[in-house]
Amino acid sequence: MDAIKLEKYENDEYTIEDIYALPDGKRAELIDGELYMMATPNVKHQRMVGFLYFEIANYIRNNNGNCEPFVAPFAVFLNADDKIYLEPDISVICDKSKLTDEGCKGAPDWVIEVVSPTSRPMDYNKKLFKYRTAGVREYWITDYERNLITVYNFENDEMADYVFTDKVKAGIYKDLEIDFSNIDIK
């Protein structure tokens, strides 16, 4: 998602209440009390999210898996405080006790962010740190502008880069491999 940082007044911190107070149709993420407005995703972004969701959901269904994938907008409350609220492009949750009517309370097992030009610093830096410290097991950053998929397997303390002709193995599953050459996002 494209992120645009809102101007904030000196010493002001935003909370989840500010997220819920946004006008209809407006979306934002909250990181450490700073609010980042989200722009409407473009077609390439949506094609990538749809492709990944379809591959993951089919794998889970065909293997009678216990995990459940969700696409944005889907609320993820990483911490117990009211200063972090994220809407990852794809969240995979295996511990159903984390799911509430509001979203996911705690770290998803697997998060995928599809990079937009203005969200690049958020996805590669701020969110990476937040997901890792909150206990996300695996984090993928798919960057179609750079022809790059960066995979962080936090459980094994590994990081690897792939391109859009590669097959990428999901670390939280023994045999899920996503073939990025099968997607046409043009």
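If you're wondering where the values come from, they're calculated on a predicted model, not measured in any experiment. Along the sequence shown, residues carry numbers from 1.
Taking 4.5 Å as the limit, some side-chain heavy atom of I60 sits within range of a side-chain heavy atom of Y173.
Side-chain atoms of D175 and Y59 form a donor-acceptor pair, as typed in the model, at a separation below 3.5 Å. For Y152 and E158, the side-chain atoms include no donor-acceptor pair closer than 3.5 Å.
At least one donor-acceptor pair closer than 3.5 Å links the side chain of K98 to the backbone N or O of A107.
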Please test R137 against N153 for side chain to side chain contact (heavy atoms under 4.5 Å, CB included), starting from the C-alpha separation and ending with a verdict. CA-CA 6 Å; R137 294 165 55 197; N153 183 323; over 6 Å; no

Could you walk me through whether Y85 and T15 satisfy the side chain to side chain contact (heavy atoms under 4.5 Å, CB included) test, starting with their C-alpha distance in whole Å, then the side-chain angles of each, then the deciding distance to 0.1 Å, before giving a yes or no? CA-CA 9 Å; Y85 169 98; T15 67; over 6 Å; no

Using side chain to side chain donor-acceptor pair (under 3.5 Å), reason through E34 and Y36 one step at a time and then give a plain yes or no. CA-CA 7 Å; E34 293 187 38; Y36 298 87; 3.0 Å; yes

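Within a 6.0 Å radius of CG in N66, other residues, nucleotides and ligands contribute 12 heavy atoms or fewer.
N79 is linked by a side-chain hydrogen bond (donor to acceptor under 3.5 Å, both in side chains) to nothing, counting only residues two or more places apart in sequence or in another chain. Residues meeting the salt bridge (Lys or Arg N to Asp or Glu O under 4.0 Å) test with D143, sequence neighbours left out: R120, R146.
No salt bridge links E177 with K169; every basic N to acidic carboxylate O contact stays at or beyond 4.0 Å. Checked for salt-bridge contact, D32 and K83 miss the test: no charged N lies under 4.0 Å from a carboxylate O. Ionic pairing of D184 and R47 is not present here: no N-O contact between side-chain nitrogen and carboxylate oxygen is shorter than 4.0 angstrom.
For the pair K105 and F77, the distance from NZ or CZ to the six-membered ring centre is under 6.0 Å and the angle to the ring normal is within 45 degrees.
Pairing each heavy atom of F74 with each of P88, the nearest pair is O-CD, 3.9 Å.
Exactly one of L99, V76, D89 qualifies for a side chain to side chain contact (heavy atoms under 4.5 Å, CB included) with F70. That residue is L99.
For Y162 and F180, the distance between ring centers is not under 6.0 angstrom.
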